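All values reported here derive from a predicted model rather than from experimental measurement.
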Amino acid sequence: MYKGIAGSDGVGIGEVVIIKEPELKYERASALTVEKELERFNKAIEELVEKTNAMSEEVRKSAGEAEAEILLGHVMIMSDPALSDEVRSLISDGLTAEAAAEQVLDMFAAIYEGTGDELTMQRATDIRDVKTRLIKALLGAEDVDISALKKGSVIVVHDLTPSMTAGIVKENIEGIITETGGKTSHSAILARALEIPAVLSIDNITELLKNGQSVIVDGIGGEVIPDPDDKCISEYRAKREEHIKHKRELLKLIGCETHTADGIHAELVCNIGKPADCKDVLERDGEGVGLFRTEFLYMDTDRLPTEDQQFEAYRAAAAAMDGKPVIIRTLDVGGDKEIPYLGLEKEDNPFLGYRAVRYCLKNPELYRAQLRALIRASAFGNIKIMAPLVTCVDEIRAVKALVKELMAELESEGIDFDRNIEVGVMIETPAAAVIADLLAAEADFFSIGTNDLTGYTMAVDRGNHKVAYLYSVYNPAVLRSIKRVIECGVDAGIMVGMCGEAASDPLLIPLLISFGLNEYSVSPTSVLATRAEILKWSKSEADKVAEEALSCTTESEVKDVLSKYKK
């Protein structure tokens with residue numbers, strides 16, 4: 001048995017089909033004239049854009065609108081003048097189109113990979129997919145075609161790229177296994193949209209399995225079982241039927257209020273990265289937006305987005321949610337998020353450096369444009385402003401003072417806005433947790449970013465596999481921080497939400513109920529499952545679990561207690 005990440009739930013039983021990309025070999029220096037090399041590049045881009053638009057239509061039919069937009073994002077990458085101009089510049093310096101494209105696209109991918117934010121890092125996957133397809137187009141090599149796979153196939157691949165999915169006939173695919181990717185990766189997003197069980201991130205799995213081998217893909221437990229016997233197959237068929245039945249039961253929760261078994265109300269909202277994601281929130285029955293990351297507005301361009309461009313994006317999200325809350329995080333960039341046109345200096349410790357609210361407050365013109373756009377957009381819905389990486393009271397006071405100043409400015413200009421717009425704080429550092437009582441006296445709401453809070457509290461770089469064992473929200477230090485933050489917010493009478501992965505973790509739900517969490521911000525695909533978990537617990541039952549879990553001294557003890565009580 002091989003253990004990986006459960007990327008798309010369900011159980012698939014079928015035969016292995018290993019998909020491998022061909023090795024792409026080319027010369028770095030061009031034997032052609034610069035003009036001929038540029039002509040090759042321009043023609044390849046033109047053909048690839050046309051082909052990708054057609055593929056997007058295929059994905060729209062098979063998987064849906066949101067998934068088709070992933071491929072439309074590829075078109076935007078190919079059409080980005082900052083990228084193509086850089087490639088043309090290197091071609092003019094003597095590189096082949098292939099070598100120039102690889103160098104530039106690898107540089108852009110590295111920028112996104114360096115952010116540490118899993119959703120933003122998916123942009124790097126898109127860029128690398130575009131790089132491979134562009135080099136193939138230049139070399140005259142064909143894209144991988146998986147449309148002809150027979151019924152009962154299990155795709156085994158290094159990474160399921162968006163371009164591969166256009167050819168998937170989902171009725172023929174029992175499962176997907178990859179060597180890379182996480183729960184929010186495009187491999188997972190696309191597999192879930194196609195409702196194909198998937199297990200991701202199993203090292204070297206394309207070498208460990210063989211074509212035609214019988215295999216079970218357990219996308220619920222994140223396990224792959226090669227060469228199962230009849231008894232094992234029978235057990236997993238039963239597990240598959242149980243899972244299908246459970247999914248039908250979850251659909252009954254659409255339109256229901258989110259509350260505990262004893263009637264305590266909770267808000268169940270979603271994390272998004274762009275206005276178009278609001279459609280997915282509504283279709284999945286989300287009750288609002290708990291985190292709108294604004295970084296893409298800055299990363300998808302070669303210059304600062306204007307106030308009006310930002311206003312249109314925020315207005316669109318607010319209008320789409322039609323009065324439901326939309327919490328928009330101000331620009332979380334700097335240090336690790338190296339947006340070229342901002343001219344940020346390289347730092348030895350970017351996660352401890354010049355970023356997020358620190359950068360914004362030191363660049364008032366940039367920040368004023370974003371805050372003005374947010375305040376203007378508040379006239380079209382229930383927008384709330386959230387400042388990231390706040391570590392001291394001075395910072396939230398500075399943000400609120402700037403918001404107040406801009407409101408007065410807009411009022412003098414006769415521009416409408418919500419005069420009661422809330423300004424909150426993202427709690428993601430030990431400093432913020434320790435002074436949560438002081439911050440609660442200043443902020444209108446809290447949102448706990450458990451991914452970063454865990455990393456900062458445990459002093460762990462989650463990308464460093466040597467210390468990854470310490471990166472766990474179940475660690476007593478992290479749980480005590482979360483408990484303190486929630487209690488300080490509740491005592492101050494402000495809303496406390498959570499927008500990290502922990503908000504949808506079924507093991508943690510009773511603890512969060514006991515601590516008094518008001519809002520759970522999860523991925524749209526997790527809404528109904530999270531609602532079902534909250535409905536299972538009464539406050540008194542949750543308090544019993546919390547008391548025992550908080551008496552534990554180690555991460556493993558905590559996890560054992562939570563697993564013991566799991567319903």
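At distances below 3.5 Å, not a single donor-acceptor pair connects side-chain atoms of Asn42 with backbone N or O atoms of Glu39. Remark: the backbone N or O of Asn204 is not paired with any side-chain donor or acceptor of Glu207 at under 3.5 angstrom. No side-chain donor-acceptor contact under 3.5 Å links Asp159 to the backbone of Thr180. The main-chain N or O of Ile155 is never found under 3.5 Å from a side-chain atom of Ser153 such that the two would form a donor-acceptor pair. A donor-acceptor distance shorter than 3.5 angstrom exists from the side chain of Glu179 to the backbone of Ile205, with no hydrogens or angles considered. Using modelled atom types, no side-chain atom of Asp126 and backbone atom of His74 make a donor-acceptor pair closer than 3.5 Å.
Between Arg372 and Glu413 a salt bridge is recorded (basic side-chain N to carboxylate O distance below 4.0 Å). For the pair Arg284 and Asp277, the salt-bridge criterion is not met [side-chain N within less than 4.0 Å of a carboxylate O]. Looking at Lys131 and Asp106, a side-chain N of the basic residue comes within less than 4.0 Å of a carboxylate O on the acidic one, giving a salt bridge. A salt bridge does not link Lys25 to Glu98: none of the charged side-chain nitrogens sits closer than 4.0 Å to a carboxylate oxygen. In this structure, Glu295 pairs ionically with Arg329, as a charged nitrogen and a carboxylate oxygen lie closer than 4.0 Å.
Put simply, CD1 on Ile19 and OG1 on Thr178 are 13.0 Å apart, with the number rounded to the nearest 0.5 Å.
A pairwise comparison of heavy atoms in Cys278 and Ile272 identifies SG-CD1, 3.9 Å as the closest pair. The two atoms that bring Pro197 and Gly219 nearest to each other are CB-N, 4.5 Å, heavy atoms only. Across Pro524 and Val281, no two heavy atoms sit closer than the pair CG-CG2, 4.2 Å. Ala317 approaches Pro275 most closely through the heavy-atom pair N-CB, 4.2 Å. Between Leu138 and Ala44, the closest heavy-atom pair is CD2-CB, 3.7 Å. Residue Gly273 comes nearest to Phe292 through the heavy atom pair O-CE2, 3.6 Å, listed as atom of the first residue, atom of the second, then distance.
For the residue pair Arg88/Ser84, the side-chain donor-acceptor check at 3.5 Å is satisfied.
Screening residues 195-204 for salt bridge (charged side-chain N to carboxylate O under 4.0 Å, His left out) gives Glu195-Lys247 as the qualifying pairs, with residues at least two apart or on separate chains.
Contact check for Ile327 versus Leu291: no side-chain heavy atoms found under the 4.5 Å cut-off.
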Mind listing the side-chain donor-acceptor pairs of residues 45-53 below 3.5 Å, one per line with the distance, residues two or more places apart or on another chain?
{"residue": "Lys51", "atom": "NZ", "partner": "Asp143", "partner atom": "OD2", "Å": "3.4"}
{"residue": "Thr52", "atom": "OG1", "partner": "Leu48", "partner atom": "O", "Å": "2.7"}
{"residue": "Thr52", "atom": "OG1", "partner": "Arg133", "partner atom": "NH1", "Å": "3.0"}
{"residue": "Thr52", "atom": "OG1", "partner": "Arg133", "partner atom": "NH2", "Å": "3.3"}
{"residue": "Asn53", "atom": "ND2", "partner": "Val49", "partner atom": "O", "Å": "3.2"}

